[in-house]
Amino acid sequence: MSVLALTAVLLTPVTASAAKDPAPGPTVTSGVDVDGLGGLSVETVKYGAHQRQSMDVWWTPDGQQRPGVFLIHGGWWSSGDKKYMKEITRGYAELGYTVFNLNYRLSGDAAWPAQRADALAAIARARKHADRWGFDPGNYVLVGFSAGGHIAAAVGTYGDGINGLKGVVGMSPIISPLRAYADGEKSADPDKRKLRTAAIKLAGGCAPKGKCSKVWASMEVAWHASRKDAPMLAVHSEKEFVPPAQSQLLRQMLGQVGVPVTVVTKPGSNHSSPLYREPGVTERVQAWIAERTG
């Protein structure tokens, strides 16, 4: 089935509210640790009742308010963990940002939009307790990898703008689960087939038709474009299984409402974190973030 045919069966996109603040203050599950971190402090904080609703916070305890970076790991929406983002987290903390490295409910725990709701809840918790971590609640970006890029971009187009969000970076972001569904139907590429299956699981186990139309519409990032959305930077490899065309669609839709989207395409087939580590890519992402956060 073509993407256009799939699109035709879907209804008007719907949105979901962020999870409610589950407690009056942050619940620390591991204490501050400054040993060997060059003056940085680290703690793990719960932002919800589920075991996956937690984030590691890295900050410089010097009394200054600093821009924030929220990192969202990948893993087909069904796996992965913030522990694999530790090196990248440290890198941004050493650059002077307050960094929030998120876990979120996986598709086996809850269907979409639980993952977007978790990211919104984590941001709300961080902003509410900004003084604790030397964080400027009016100045932060999201950086998501693969499926985490989908979550980050979905937050970036949620409603008509999110307070304080200055930009979204997607490393191989899955902008269109619908396209992934269509591309993986008859593909010989095992990753494209796996991504199709992962998107179905994210939607609660159903295909994009009938009663499942609304959840698939909610998953489509570009369909939620509005003029106060955050600018975005998307980085893809030319031959990876999440094609640059996904982010080019987002550039087109956000461009129509005046929101800039930069799509960077690199040679090869590296995806997500390996792409981020290619020569020059990390530096380009960091420069874009610095420009957005001042």
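All values below were derived from every heavy atom in this structure, side-chain atoms included, with hydrogens, water molecules and symmetry-related copies excluded. Since the structure is predicted, the reported quantities are computational estimates derived from the model, not experimental observations.
Side-chain atoms of T98 come within 3.5 Å of backbone atoms of G134 as a donor-acceptor pair (strictly under, hydrogens ignored). At distances below 3.5 Å, not a single donor-acceptor pair connects side-chain atoms of E238 with backbone N or O atoms of G268. The closest donor-acceptor contact from the side chain of S146 to the backbone of G148 lies at 3.5 Å or more, if one exists at all. Between the side chain of E278 and the backbone N or O of L275, no donor-acceptor pair lies under 3.5 Å. For the pair T282 (side chain) and Y276 (backbone), a donor-acceptor distance under 3.5 Å is present. Checking side-chain atoms of D136 against main-chain N and O of Q65 turns up no donor-acceptor pair under 3.5 Å. Side-chain atoms of K46 come within 3.5 Å of backbone N or O of H50 as a donor-acceptor pair. In this structure a side-chain-to-backbone donor-acceptor pair under 3.5 Å is missing from R196 to A182. Side-chain N or O atoms of H150 include one that pairs as donor or acceptor with a backbone N or O of M219 at under 3.5 Å. Listed for the S213 side chain is a donor-acceptor partner under 3.5 Å among the backbone atoms of G210.
Separation of the F241 and W76 ring centroids falls under the 6.0 Å cut-off. A distance below 6.0 Å separates the ring centres of W216 and Y181.
When hydrophobic clusters are built by joining Ile, Leu, Val, Met, Phe, Trp and Tyr residues whose side-chain heavy atoms come closer than 4.5 Å, directly or via intermediates, L202 is grouped together with L106. Hydrophobic clustering, with ILVMFWY side chains joined whenever heavy atoms are under 4.5 angstrom apart, groups V45 together with I72. In the hydrophobic clustering of ILVMFWY residues, with side-chain heavy atoms under 4.5 Å counting as a link, L95 and I289 come out together. No path of Ile, Leu, Val, Met, Phe, Trp and Tyr side chains, each step under 4.5 Å between heavy atoms, connects V281 with Y84, placing them in separate hydrophobic clusters. Residues L249 and V257 do not share a hydrophobic cluster, clusters being chains of Ile/Leu/Val/Met/Phe/Trp/Tyr side chains in contact below 4.5 Å.
Using a 4.0 Å cut-off between a side-chain N of Lys or Arg and a carboxylate O of Asp or Glu, D81 and R52 qualify as a salt bridge. Under 4.0 Å is where a charged nitrogen must lie from a carboxylate oxygen, and between K192 and E240 no such pair does.
With a 4.5 Å cut-off on side-chain heavy atoms, P243 and R179 count as touching. In this structure, the side chains of L102 and K82 stay at 4.5 Å or more apart for every pair of heavy atoms. Side-chain contact check for V168 versus V141: every heavy-atom pair is 4.5 Å or farther apart. Residues L165 and Y158 have side chains not in contact (no heavy-atom distance under 4.5 Å, counting atoms from C-beta outward). Counting heavy atoms from C-beta on, the side chains of M55 and R125 come closer than 4.5 Å.
At most 12 heavy atoms of other shown residues, nucleotides or ligands fall within 6.0 angstrom of atom CD in E87. Environment of CD in E291: sparse, with no more than 12 heavy atoms of neighbouring residues, nucleotides or ligands closer than 6.0 Å.
Among R292, R127, R66, the single residue meeting the side chain to side chain contact (heavy atoms under 4.5 Å, CB included) criterion with Y140 is R127.
For the residue pair H236 and S247, the shortest heavy atom distance occurs at NE2-OG, 2.7 Å.
The aromatic rings of F100 and F70 lie parallel to each other, their planes meeting at an angle below 30°, with 60° marking the opposite boundary.
With no hydrogens or angles considered, no side-chain donor-acceptor pair links S237 and N270 at under 3.5 Å. A side-chain donor from one of W133 and E43 sits under 3.5 Å from a side-chain acceptor of the other. In the model, D160 has a side-chain atom that pairs as donor or acceptor with a side-chain atom of S226 under 3.5 Å.
Shown here are the ring-ring contact (aromatic ring centres under 6.0 Å, His included) partners of H73, two or more places apart in sequence or in another chain: Y104.
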